[in-house]
Each structure stands twice: as C-alpha cells, then as structure tokens.
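Input: a single structure, listed below in structure tokens.
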Amino acid sequence: MTADLLNDPRIFEPSYHPENIVNRAEEAEEMLKMLSGDETNVQDLFLHGSHGTGKSVVTKQVLQNLEGRHQSCILSCTKYNTHYKVLQGFLERLTGEEVSSGYHASDLLRRLEKRIGAVPTVLVLDDADFLLENDGDDLLYSLSRIDGAENLGIVLITSYRNSLRNTVESRTYSSLQPQKIVFNPYTSKEIYRILSERAREAFTTHSVHRNALTYIASSVANAGFALHWLRVAAANASDTIRESAVKDAYSESVQSYTAEILGNHSLHHQLLHDSLTRLTEDRSKVNTGKVYEKYQERCQEASVEPLSDRRVSDYLKHLEFEGLIEAEYRYGGEKGKTREIRVRKPV
DNA sequence: CATCCACCGGAAATGTTGGGAC
DNA sequence: GTCCCAACATTTCCGGTGGATG
C-alpha cells in the first residue's frame, strides 16, 4: 500500500459520503420536496435504478438535509429481510435503545407508532427486493396503516423490481401510492467526473493519469464498481496510476467487489456463486439443474450440508437481485421450464 | 393428441431459536 | 428447568408450463 499516493483510503469506501454528487440534483430536489412535508403530507417514494446509479448516496444526502426537522433511518434489507427485523431495526435506530426479540410484531409496531407521533419521519428500506421477496407486503401494509401516517414517509429502494404495483396487494399500494423516481445509468462522462472528483480528494496531485480514468469510465456505468476498481488499481500502483495498471487491476477488482457483495449474504450464497463461476468460465449459460449439481459438489468439498433445490432456487434469485448473475426464464419448450443462468460482471 | 422435458414457485409442513411465564 | 409461543429458515409436496416428439 502506498501511503504517499492515497491521502485517505476511506474516500473510496462505499460508506464515504461525497460532498458533491454528480448529476443527481433533480432527483435529490424532488425527493426533498416529497419528503419535507411542507406543502402536503410526507410522501412515500419508490426509487429504482440499476446498481451504482446513486440511489443510496442521494438518499443519504437528502436525509442529511432534512436533519433537525425529521427523524430518519436507513436499513438494508439484505440484512433486515423480515417483518420483525425491520421493525426492530427501525425502533433501535430511532430510540437508540436495544430491542430484543421475543415481542409480538404488533408490539413493536405500536412502539414505533408512538415514537413517530407528530414528528416527521422518513424510513428507508434499501435493497427492498429482498424484503418484498420474503415478506410480501406484510410489513408495508402494517406501516401504511400506522396512525399518523401523514408524518411518515417510507422510501423503498430497488434495483430489480421496477414497480411496486405488481408486487404488493392493491390495498397496500393504494394507501402508499409511492412516487416513483427512476435513476438512470450514468454515462461514461459522468463516471469520469465521479472518478476524477474522488481522485482529486483521495490522491496527491498528478498521481493518476487521465487515460486511466477514461478507461474505467468507458468500461462501466456502475459508479460503485468504478470507484472500487480505481481503488484497487491505486493500491497496486507504486507511483502514478496509468491506464495499464487499471487494465491489470480489472480481474482483481471484479473479484473483490463480488466478494464484498457476497459478504452480506450466507455461506451458501457464496458456494452457489462459486459453483456458477466454475461452470461458466466464458460467457456461457447453464441451466438450474447443472448449477445445483455443482453446488452439491462444492458443499461436499467444503463439508457443508447442501440446501434443498427449492431453497437454492430462492438463493439464485438473491444473486440476481445483487446483479451478480443474469437469468433468462424459459417456460416449456423442449428444454422444459427452467432458467438459463450466466455470471454477470459489474457494468 | 398424449406425453415428456426440467424445472418454477406457491403453500403447507417441519425444524430451530430465543424469550417469557410459571 | 419446563413449557409454550412467535418468528424464521428450510424442506416437502405438488400443480403448473408450452413447444417438441412420437
């Protein structure tokens, strides 16, 4: 690691909050208006866009702007993926007190209701695909019926589902009526700006070549991965970061980026993803059955009991939510009903 | 037209965990 | 400690799916 090159490694962490967010002013302004509750009730929002389009970062910024007047809290549904866990998480963050398990979910709901009271409140569910898959709309229904809902804004962030309407029951949808905001993929110009602004903060002057940044910017639209890639290249470089260093760092970046995402999931997700990469070294496709076979092998290697194929089918869906795999669903035909799966590199 | 492919995915059943009440 | 219970995680069960094939 080169301390002289990198002023502050935290600047590349996903948790880092940049001063200036490239080309998302419109979205931020709209969100602020909807959540402020100035002209009307605090609204519910549905934010959708592929990975690395700035959904979470913009949301954090907006919440910061509301600080003082609003109380707010963000949970990622990769971890908080059930009714109970979400209520527990929100309550803990808002009150600062630990909430153990063993209560009735309705108990927690009542406590949350009380806590919200007359205070404008924004509750954000990031990676909401995971919750919706698991819990259906049970939680959303409860939250939408909460007393004092005019002060409560629920923000759902998804990168897979592009609408809430076909996911939840119509009674839930109609009481939420979330305003949908779409985050379009960044252009390579925008990625370039994101990289160079971040590089200016993180590196000592002139330590990164312009070509190095253009190379990344022309390759990917996922800002999170772009930044990760640049950080890996920086860590490997001894003096200046050249285009060649960036090219060399690609595979390692993909690997560590993927590992980071998988780190939020179970061992079985990892084994499953691993089986898949072993099966499809090129950009070839495999069917679910083959993947499951390979997965069972991997489990044996790792001395772990494999999960049922039904469960694995759900886990594959999770990998799809995370953008780690691409699946095409086939119904009938000579191949029967299955899906063709391929590993997906971050783009 | 019946049958088959090769799974999908909903629903119910079962297993597990951690608390509270006694 | 024992019993009961809610919340989950996972398994078991099973009715689809629609073109290809005989």
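Nothing here was measured: the structure is a model prediction, and the numbers come from that model. Chain A is the first sequence line, chain B the second, and so forth, proteins listed ahead of strands; every chain is numbered from 1.
- Here the C1' atom of nucleotide C/dA6 and the CD atom of A/Q88 are 13 Å apart, to the nearest Å.
- A/T82 has a side-chain polar atom (N or O) that falls below the 4.0 Å cut-off from OP1 or OP2 of C/dC8.
- Among A/E322, A/H318, A/Q270, the one residue that satisfies the side chain to side chain donor-acceptor pair (under 3.5 Å) test with A/H265 is A/E322.
- Across C/dT17, C/dC8, C/dT10, the shortest atom-to-atom separation from the side chain of A/K337 is found for C/dT17.
- The residues A/D107 and A/R111 are annotated as not salt-bridged, no charged nitrogen and carboxylate oxygen being separated by less than 4.0 angstrom.
- A salt bridge between A/K55 and A/D127 is absent, with no side-chain N of the basic residue lying under 4.0 Å from a carboxylate O of the acidic one.
- In terms of position on DNA chain B, the residue among A/K317 and A/G333 whose nearest nucleotide sits closer to the 5' end is A/G333.
- In the set C/dA7, C/dC8, C/dT11, the nucleotide with an atom closest to the side chain of A/A105 is C/dA7.
- Within the structure, a side-chain polar atom (N or O) of A/K85 is placed less than 4.0 Å from OP1 or OP2 of C/dA9.
- The pair A/E190-A/R193 does not count as a salt bridge, with every side-chain nitrogen at least 4.0 angstrom from each carboxylate oxygen.
- At whole-Å resolution of the value, CG in A/D309 and P in C/dT11 are 9 Å apart.
- For A/L109 and C/dA6, the CG to C1' distance is 16 Å, given to the nearest whole Å.
- Nucleic acid contact for A/R339: sugar-phosphate only, since backbone atoms but no base atoms lie under 4.0 Å from a heavy atom of the residue.
- Atom CG of A/D135 is separated from atom C1' of C/dA9 by 14 Å (rounded to the nearest Å).
- Atoms CD (A/E133) and C1' (B/dC8) sit 12 Å apart, rounded to a whole Å.
- A salt bridge does not link A/R110 to A/E113: none of the charged nitrogens lies less than 4.0 Å from a carboxylate oxygen.
- Nearest nucleotide to the side chain of A/Y315, out of C/dA9, C/dT10, C/dA20: C/dT10.
- A/K335 has its NZ atom 12 Å from the P atom of B/dC7, to the nearest Å.
- Of the listed nucleotides (C/dT11, C/dA20, C/dC8), C/dA20 has the atom at the smallest distance from the side chain of A/E334.
- Residue A/T288 has a polar side-chain atom (N or O) positioned under 4.0 Å from OP1 or OP2 of B/dC8.
- The separation between A/L316 atom CG and B/dC7 atom C1' is 12 Å, rounded to whole Å.
- Taking 4.0 angstrom as the limit, A/Y331 places a side-chain polar atom (N or O) nearer than this to OP1 or OP2 of B/dG9.
- A close approach under 4.0 Å does occur between a side-chain nitrogen or oxygen of A/S308 and OP1 or OP2 of C/dT11.
- Here the nucleotide nearest the side chain of A/R310, chosen from B/dC8, C/dC13, C/dT10, is C/dC13.
- The interatomic distance linking A/E305 (CD) with C/dT10 (P) rounds to 13 Å, in whole Å.
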